[in-house]
Amino acid sequence: MRILPLFASCILFISGCQFFKPKTEETSTVVLTEATIYDKDLVLQAARSPENSKEADKLFLKAIDEYRNAHKPQKGIELFVKSAILTPQARTYYELANALMDVKKEKEAIRAYTIAEALDYKPLSKLFFNKACAYSRAENADSSYYYLMAAIEFGYSNLKNVLKDPDLAFLRDHRYDLHSEIMNAMSGVSDPEKVQWQLFSNQFKPVHFPCRIDTEYVSKLDRNQIISYEFEVYVTEMKRDKFTRDVGSEFYYVGLVKNDSTFRSLIYAVNEEVYEEQEARPYYYLVSYTNSGKLIDKMMIAGQETLKDPFRVATLNANGDIDVVEYTNQWEKDPEKEGYENNKVLSRTEAGKKRFYISPDGHILPKTQELAIR
């Protein structure tokens with residue numbers, strides 16, 4: 001590959017921005033405005049103290065609804081900007097850039113993609129490809145070529161898009177050898193599906209045992225570990241969410257539970273966001289895949305998918321045991337009469353406990369079945 005300096009620069013850049021230091025007494029609060037949302041230094045400072053993150057998340061989801069579902073990119077832009085001002089996040093700037101491309105504001109889109117990169121958006125391959133498209137539409141062939149090659153270097157493997165995307169027409173017209181350059185760059189990508197699986201699965205870091213996923217764990221969901229919709233082939237709930245106008249779900253990397261020679265068992269979270277006064281309520285799936293990314297088995301192990309369901313607490317142990325305890329909720333008001341909105345959970349009562357394990361072929365089975373086999 002030809003752009004090794006890009007790797008070095010990106011690695012240094014990312015490592016410098018990935019982990020923000022907590023706010024100290026010497027750090028003053030930075031307030032962004034529409035005039036400063038593309039000032040990288042100010043954005044990075046503001047991102048260190050996300051004081052309005054909940055409100056920013058609600059605005060982001062409304063923006064996604066307007067942009068993706070209602071097909072109103074300009075309305076989405078207005079809401080993305082408001083969300084970024086409250087709390088700058090990589091996903092906000094990335095979607096803002098996409099919406100700006102839709103209204104043919106390529107130069108501003110490039111600025112938004114640049115901030116998303118500074119905030120450590122993943123996957124970089126997709127961001128770089130979109131940035132290449134933006135530069136091409138802005139009639140900057142050199143920068144477009146640079147980011148297209150960078151996208152391929154970082155794992156972008158959709159050859160059809162690379163060769164046919166109309167946004168890259170200017171680049172194709174002004175670089176006569178582009179086709180051969182692309183084919184040469186992608187020659188090392190013998191299996192695009194494998195590359196895609198590696199990009200997805202490598203984001204899951206090993207969990208530390210014992211790992212207890214309870215209400216405290218749920219409240220500390222890392223909002224920086226969002227799973228892109230580029231990986232919907234591995235997260236079946238994304239496909240379900242894709243066909244509903246209720247944009248209320250986000251998806252997060254949680255951890256690697258088991259890395260076997262023939263499969264991987266991972267945990268991801270589904271976060272049901274709401275627009276009203278309720279808190280977000282993530283729930284957690286344990287999912288096993290073959291080493292090529294094919295689904296083997298999955299189980300919801302923690303949290304609750306709907307407010308009517310029992311709340312599950314999971315404990316994953318070093319010996320492979322997975323304890324799942326179900327609790328029934330005692331509500332402040334009768335939910336049958338008053339509903340669930342603004343209705344607090346006063347306490348939880350244990351309703352049952354089961355133990356599971358991951359079999360040698362990756363299935364998630366009750367522990368009693370293992371004992372019966374023995």
Side-chain angles (χ1 to χ4, degrees), residues 197-198 200-223 225-227 231 233-238 240 249-272 280-329 345 347-374:
W197 165 245
Q198 292 297 327
F200 173 71
S201 61
N202 287 344
Q203 294 300 319
F204 292 83
K205 307 306 178 187
V207 301
H208 298 288
F209 299 110
C211 176
R212 180 177 170 84
I213 306 178
D214 54 12
T215 52
E216 181 180 359
Y217 189 100
V218 166
S219 69
K220 296 178 180 178
L221 178 69
D222 188 348
R223 297 300 186 91
Q225 297 300 313
I226 193 167
I227 301 175
F231 299 122
V233 66
Y234 309 118
V235 183
T236 55
E237 291 78 18
M238 283 186 174
R240 177 192 67 191
S249 299
E250 292 182 314
F251 307 89
Y252 296 87
Y253 301 102
V254 177
L256 169 66
V257 176
K258 191 169 184 177
N259 190 10
D260 190 81
S261 60
T262 59
F263 69 89
R264 291 186 187 183
S265 296
L266 312 171
I267 296 177
Y268 62 74
V270 182
N271 192 25
E272 298 288 352
R281 47 181 178 84
Y283 49 96
Y284 294 75
Y285 278 102
L286 174 64
V287 190
S288 292
Y289 305 86
T290 68
N291 280 340
S292 62
K294 304 299 182 184
L295 178 67
I296 298 173
D297 202 0
K298 67 184 297 183
M299 185 177 77
M300 202 271 277
I301 60 170
Q304 57 188 152
E305 187 170 356
T306 71
L307 293 172
K308 293 181 179 180
D309 298 333
F311 187 90
R312 293 184 179 183
V313 173
T315 303
L316 295 92
N317 301 288
N319 66 357
D321 288 351
I322 304 164
D323 294 320
V324 178
V325 182
E326 290 191 348
Y327 294 87
T328 55
N329 295 324
V345 176
S347 62
R348 290 190 168 104
T349 303
E350 183 175 328
K353 179 178 180 180
K354 294 182 180 179
R355 178 166 290 176
F356 300 87
Y357 77 106
I358 301 172
S359 72
D361 62 358
H363 286 87
I364 305 163
L365 302 175
K367 190 64 179 284
T368 52
Q369 184 171 337
E370 179 196 32
L371 296 176
I373 293 173
R374 291 181 178 179

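Just so we're clear, the structure is a prediction, and the values are computed from it rather than from any experiment. Index from 1, following the sequence.
Taking every heavy atom of both residues into account, Asn291 and Ser261 meet most closely at ND2-O, 2.7 Å. Here the closest heavy-atom approach between residue Thr236 and residue Tyr268 is recorded as N-OH, 4.2 Å. The nearest pair of heavy atoms linking Val254 to Ala269 is CG2-N, 3.6 Å. For Asp260 against Pro360, the heavy-atom pair with the smallest separation is OD2-O, 4.5 Å. Scanning all heavy atoms of the two residues, the minimum distance from Val207 to Gly255 falls at CG1-CA, 3.7 Å. The minimum heavy-atom distance between Asn329 and Asp309, with the atom names listed, is ND2-O, 4.1 Å.
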Practice item. With side chain to side chain contact (heavy atoms under 4.5 Å, CB included) as the test, would you mind laying out the steps for Tyr285 and Glu305 before giving the verdict? Key: CA-CA 11 Å; Tyr285 278 102; Glu305 187 170 356; 4.0 Å; yes
Exercise for review: Report the C-alpha distance between Ser201 and Tyr234 in whole Å, list the side-chain angles of each, state the deciding distance to 0.1 Å, and finish with yes or no for side chain to side chain contact (heavy atoms under 4.5 Å, CB included).
Suggested key: CA-CA 9 Å; Ser201 61; Tyr234 309 118; over 6 Å; no
Exercise for review: For side chain to side chain contact (heavy atoms under 4.5 Å, CB included), just list the numbers for Asp222 and Tyr252, CA-CA rounded to whole Å, side-chain angles, deciding distance to a tenth of an Å, and then say yes or no.
Suggested key: CA-CA 8 Å; Asp222 188 348; Tyr252 296 87; over 6 Å; no
Practice item. In sequence, state the C-alpha distance, the side-chain angles, and the governing distance for Glu237 and Lys298, and then conclude on side chain to side chain contact (heavy atoms under 4.5 Å, CB included). Key: CA-CA 12 Å; Glu237 291 78 18; Lys298 67 184 297 183; 2.5 Å; yes
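In this structure, CD1 on Ile358 lies 9.5 Å from CG on Asp297, to the nearest 0.5 angstrom. Here the CG atom belonging to Leu286 is positioned 11.0 Å from the NZ atom belonging to Lys258, to the nearest 0.5 angstrom. Here OG of Ser265 is found 9.0 Å from CG of Asn259. Values are rounded to the nearest 0.5 Å. Atoms NZ and CD1, from Lys367 and Ile322 in turn, are 10.0 Å apart once rounded to the nearest 0.5 Å. Rounded to the nearest 0.5 Å, atoms OG1 (Thr315) and CZ (Arg355) are 9.5 Å apart. Taken to the nearest 0.5 Å, the CE atom of Met299 stands 9.0 Å off from the NZ atom of Lys354.
Side-chain atoms of Phe209 and Asn317, non-hydrogen and from C-beta on, never get closer than 4.5 Å to each other. Side chains of Arg212 and Val313 form a contact here, defined as non-hydrogen atoms less than 4.5 Å apart. Lys353 places a side-chain heavy atom less than 4.5 Å from the side chain of Asp323. Proximity of Phe263 to Thr290: side-chain heavy atoms (C-beta onward) are nowhere separated by under 4.5 Å. Looking at heavy atoms from C-beta onward, Arg264 lies out of side-chain contact with Phe204 at the 4.5 angstrom threshold. Side-chain contact between Val235 and Phe200: present, with at least one pair of heavy atoms (C-beta onward) separated by less than 4.5 Å. A heavy-atom distance below 4.5 Å is not found between the side chains of Ile296 and Asp361. Annotation: side chain of Ile301 is not in contact with side chain of Ile364 (no heavy-atom distance under 4.5 Å).
For the 3.5 Å distance criterion, the side chains of Asn319 and Asp321 qualify, holding a donor opposite an acceptor.
The aromatic rings of Phe231 and Tyr253 lie perpendicular to each other, with more than 60° between the two planes, well past the 30° mark. Between Tyr289 and Trp197, the two ring planes are tilted [angle within 30° to 60°].
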